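Report on the structure given below.
One is the number of the first residue; the rest follow in order along the sequence. For clarity, every value in this text was computed on a predicted model and none was experimentally measured.
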Amino acid sequence: MPTNKQARTAGDISRELSAILRELKDPRVTGCLLSVVRVEVTNDLSYCTAYVSTVEGLERSKQAAEGLKSAAGFIRRELGHRLKLRHVPQLIFKPTDSIEYGASISKIINDLDIPEAPPEEDENADL
């Protein structure tokens, strides 16, 4: 279970990481709708795992994660400047397909043909 400091640091990193992603110029990262799904920080705050996802699917997320891995030094320096941390954690980027999965579940729910329930009659209306 993460401590208060871990949770706060993970939230701050997630927020700033999302802002930094918009500034990157790598075509593997900018050519897609990339989102930071979750950020986990180790107990000693030395490593940070960021799970990233795209709407285009897992293969596109893997390409974006490779682009982020090559820009990890720049991203880590920017995080240090913005968050004013004494020690900025080492960044690890892992691709997921959670956005694509969520979109497919939403499409399935929207495609369901559920008949509307008839209005219930009030039993006390005769009184």
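With hydrogens and angles disregarded, no donor-acceptor distance shorter than 3.5 Å links the side chain of T49 to the backbone of I92. Of the possible donor and acceptor atoms, one in the side chain of Q6 sits under 3.5 Å from a partner among the backbone N and O of V41. Panel note: side chain S14, backbone A10; no donor-acceptor pair is recorded below 3.5 Å. At distances below 3.5 Å, at least one donor-acceptor pair connects side-chain atoms of S61 with backbone N or O atoms of T54.
Between L91 and L79 there is a side-chain heavy-atom pair separated by less than 4.5 Å. In this structure the side chain of L34 reaches within 4.5 angstrom of the side chain of L68, judged on heavy atoms. Proximity of V36 to I13: side-chain heavy atoms (C-beta onward) are nowhere separated by under 4.5 Å. Looking at heavy atoms from C-beta onward, F93 lies in side-chain contact with I75 at the 4.5 angstrom threshold. Inter-residue side-chain proximity for H87 and D44 is flagged as unmet; no heavy-atom pair is nearer than 4.5 Å.
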Problem set entry | Candidate pair K62 and E59, rule salt bridge (Lys or Arg N to Asp or Glu O under 4.0 Å), full reasoning | CA-CA 5 Å; K62 287 179 182 178; E59 287 303 316; 3.7 Å; yes
For this session: Start with the C-alpha gap between S70 and R28, add the side-chain angles, then the distance that decides, and say whether side-chain hydrogen bond (donor to acceptor under 3.5 Å, both in side chains) holds.
Result: CA-CA 10 Å; S70 68; R28 295 174 287 188; 3.1 Å; yes
For this session: Give the C-alpha distance, both sets of side-chain angles, the deciding distance and a yes or no for side chain to side chain contact (heavy atoms under 4.5 Å, CB included) between L24 and F74.
Result: CA-CA 9 Å; L24 291 178; F74 168 77; 3.6 Å; yes
Exercise. Can C48 and V39 be said to form a side chain to side chain contact (heavy atoms under 4.5 Å, CB included), step by step?
Worked result: CA-CA 7 Å; C48 173; V39 173; 3.4 Å; yes
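Atoms CG and CD, on L58 and Q63 in that order, are 10.5 Å from each other to the nearest 0.5 Å. Rounding to the nearest 0.5 angstrom, the gap separating the CD1 atom in I105 from the CG atom in N110 is 11.5 Å. Rounded to the nearest 0.5 angstrom, R15 CZ and I20 CD1 are separated by 10.5 Å. To the nearest 0.5 angstrom, K107 atom NZ is 10.5 Å from L112 atom CG. The CG atom of N43 sits 12.0 Å away from atom NZ of K5, with the distance rounded to the nearest 0.5 Å. With rounding to the nearest 0.5 Å, the separation of CG in L33 from CZ in R60 is 10.5 Å.
For the salt bridge (charged side-chain N to carboxylate O under 4.0 Å, His left out) with E16, the lone residue among R82, R76, R77, R22 that qualifies is R82.
Contact detail for S53 and V37: the closest heavy-atom pair is CB-CG2, 3.5 Å.
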